Amino acid sequence: MFVYSKCFNADGASNPDLVLDDPGGWCRLIGRNAVTGERAQVDAPFFNSGVLETAGVDMTVNWTWDVGPGSFYINAVGSILDEFKTQDNPDSPIFDAAGTLDQGGQFDYKLFTTFGYSFTNSIVGLSWRHLPSIEDETAADDPDTRILGVGSYDMFNFFARYSFSERFELRAGIDNLFDEDPPVVGRDPGTATITPDANRGTTRADYYDILGRRAYVGLKMSF
């Protein structure tokens, strides 16, 4: 995509005359079918010409409290992103992807917390994954984009483990305990009048659960 944008002068400066032999050599990276003349492939060599600069803080908190015959514990892992700046080449603008789904998804912060209670041979607990609201990836280079962002997302998983002996252990759990639906990503309200399906968007399975509530049971045996 970057090669095409440079070849076809999307930035207004890389190939203003729209010539095949452009100054940056971008058009020459686009191969064509010798018979039909259509595009065939794009060479994508690595250039050490851009910038990636990021800053943030990662934190971990562990707390344990002895209660009755066992112990209650909380483990929290969080990360706070201050900036995630990228530049494709020295002539391109610098974009800050923080708070947008650009560059793989750069949330302002992420939080993963586990609440558990452990006692003789057993553990029960609940894990909570929280993602804050985030802007669409197009917002990284266009703050006025009409593509809608995504609201905050919370998913809870229940888990339990019981050891019968040193050799046998039973585990069970429920993922996505409250059957949280994945949010829509990339919804464009400006296309709603064109076709009923145009503003549905999609989702991001790398961040949002697409399977729904599900349970599991497992038995571990050691010999």
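Bear in mind that the values here come from a model prediction, so they are computed numbers and not experimental data. Side-chain atoms are counted along with the backbone in the values below, which use heavy atoms only and exclude waters and symmetry mates.
Counting only residues at least two apart or on different chains, no salt bridge (Lys or Arg N to Asp or Glu O under 4.0 Å) pair has a member in residues 131-144. Among residue pairs with one or both ends in residues 154-170, those qualifying as salt bridge (Lys or Arg N to Asp or Glu O under 4.0 Å) are Arg161-Glu169; sequence neighbours excluded. Pairs passing the salt bridge (Lys or Arg N to Asp or Glu O under 4.0 Å) check and including a residue from residues 16-30, sequence neighbours excluded, read Asp21-Arg28. Within the structure, every pair that satisfies the salt bridge (Lys or Arg N to Asp or Glu O under 4.0 Å) test and touches residues 210-223, not counting sequence neighbours, is listed here: Asp209-Arg214. Here side chain to side chain donor-acceptor pair (under 3.5 Å) pairs that include residues 111-124, with residues two or more places apart or in two chains, number zero.
Between Phe115 and Tyr73, the distance from one ring center to the other does not fall under 6.0 angstrom. Taking the six-membered ring wherever Trp is involved, the centroid distance between the rings of His130 and Phe112 does not fall below 6.0 Å. Taking the six-membered ring for Trp, Phe156 and Phe158 have ring centres at least 6.0 Å apart.
Here the closest heavy-atom approach between residue Ala140 and residue Ala97 is recorded as CB-CA, 4.3 Å. Closest approach of Leu148 and Pro189 over heavy atoms only: CG-CD, 3.8 Å. Taking each heavy atom of Val19 and Cys27 in turn, the nearest pair found is O-SG, 3.7 Å. Nearest heavy-atom pair across Gly218 and Leu170 is O-CD1, 3.3 Å. Heavy atoms only, all atoms of each residue included: Asn15 and Pro23 are closest at OD1-CD, 4.5 Å. Nearest heavy-atom pair, Pro182 versus Thr203, reported as atom, atom and distance to 0.1 Å: CB-OG1, 3.6 Å.
For the pair Asp102 (side chain) and Gln106 (backbone), a donor-acceptor distance under 3.5 Å is absent. Not one N or O on the side chain of Arg187 forms a donor-acceptor pair closer than 3.5 Å with the backbone of Gly149. Under the 3.5 Å distance criterion, the side-chain polar atoms of Asp96 are matched with a main-chain donor or acceptor of Phe84.
By the salt bridge (charged side-chain N to carboxylate O under 4.0 Å, His left out) test, Asp175 pairs with no residue at all, sequence neighbours left out. Thr145 is linked by a side-chain hydrogen bond (donor to acceptor under 3.5 Å, both in side chains) to Thr138, counting only residues two or more places apart in sequence or in another chain. Residues satisfying the salt bridge (charged side-chain N to carboxylate O under 4.0 Å, His left out) criterion with Lys85, sequence neighbours excluded, are Glu83. Applying the salt bridge (charged side-chain N to carboxylate O under 4.0 Å, His left out) criterion to Asp206, with sequence neighbours excluded, gives Arg204. Every residue was checked against the side-chain hydrogen bond (donor to acceptor under 3.5 Å, both in side chains) condition with Thr54, not counting sequence neighbours, and none meets it. In this view, Glu53 satisfies the salt bridge (charged side-chain N to carboxylate O under 4.0 Å, His left out) rule with no residue, not counting sequence neighbours.
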Quiz item: Passes side-chain contact (heavy atoms from CB on, under 4.5 Å), Tyr216 versus Phe159? Steps please.
Solution: CA-CA 9 Å; Tyr216 63 88; Phe159 62 91; 3.9 Å; yes
Self-check item: Pair Ile134-Val150, side-chain contact (heavy atoms from CB on, under 4.5 Å): steps then yes or no
Solution: CA-CA 5 Å; Ile134 191 169; Val150 180; 4.1 Å; yes
Self-check item: Candidate pair Arg129 and Tyr153, rule side-chain contact (heavy atoms from CB on, under 4.5 Å), full reasoning
Solution: CA-CA 8 Å; Arg129 181 163 63 92; Tyr153 182 80; 4.2 Å; yes
Quiz item: Between Leu101 and Val185, is a side-chain contact (heavy atoms from CB on, under 4.5 Å) present by the stated rule, with each step listed?
Solution: CA-CA 9 Å; Leu101 285 169; Val185 175; 3.6 Å; yes
Practice problem: For the pair Phe107 and Tyr109, evaluate ring pair (Phe, Tyr, Trp, His ring centres under 6.0 Å) and give the outcome as yes or no after the intermediate values. | Solution: CA-CA 5 Å; Phe107 291 82; Tyr109 68 92; 8.8 Å; no
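Using a 4.5 Å heavy-atom threshold, the side chains of Thr86 and Val51 count as separate. Residues Gln87 and Phe95 are not in side-chain contact: their nearest non-hydrogen atoms beyond the backbone lie 4.5 Å or more apart. Residues Lys110 and Tyr207 meet the side-chain proximity criterion, which asks for heavy atoms closer than 4.5 Å. Inter-residue side-chain proximity for Val217 and Arg171 is flagged as unmet; no heavy-atom pair is nearer than 4.5 Å.
Considering CG of Leu81 and OG of Ser79, their distance stands at 7.5 Å, rounded to 0.5 Å. Atom CG in Leu126 sits 10.5 Å away from atom CD1 in Ile174 (nearest 0.5 Å). Leu18 CG to Cys7 SG: the interatomic distance, rounded to the nearest 0.5 Å, is 8.0 Å. Taken from OH in Tyr208 to CG in Asn176, the straight-line distance is 14.0 Å, to the nearest 0.5 Å.
Cluster membership check: Met59 does not share its hydrophobic cluster with Trp128, using side-chain heavy-atom separations under 4.5 Å among Ile, Leu, Val, Met, Phe, Trp and Tyr. Linking Ile, Leu, Val, Met, Phe, Trp and Tyr whenever their side-chain heavy atoms come within less than 4.5 Å puts Phe168 and Tyr162 in one cluster.
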Residues 60-71 side chain polar contacts: donor-acceptor under 3.5 Å, at least two apart:
unit_1: Asn62; atom_1: OD1; unit_2: Asn75; atom_2: ND2; d: 2.4
unit_1: Asp66; atom_1: OD1; unit_2: Ser71; atom_2: OG; d: 2.7

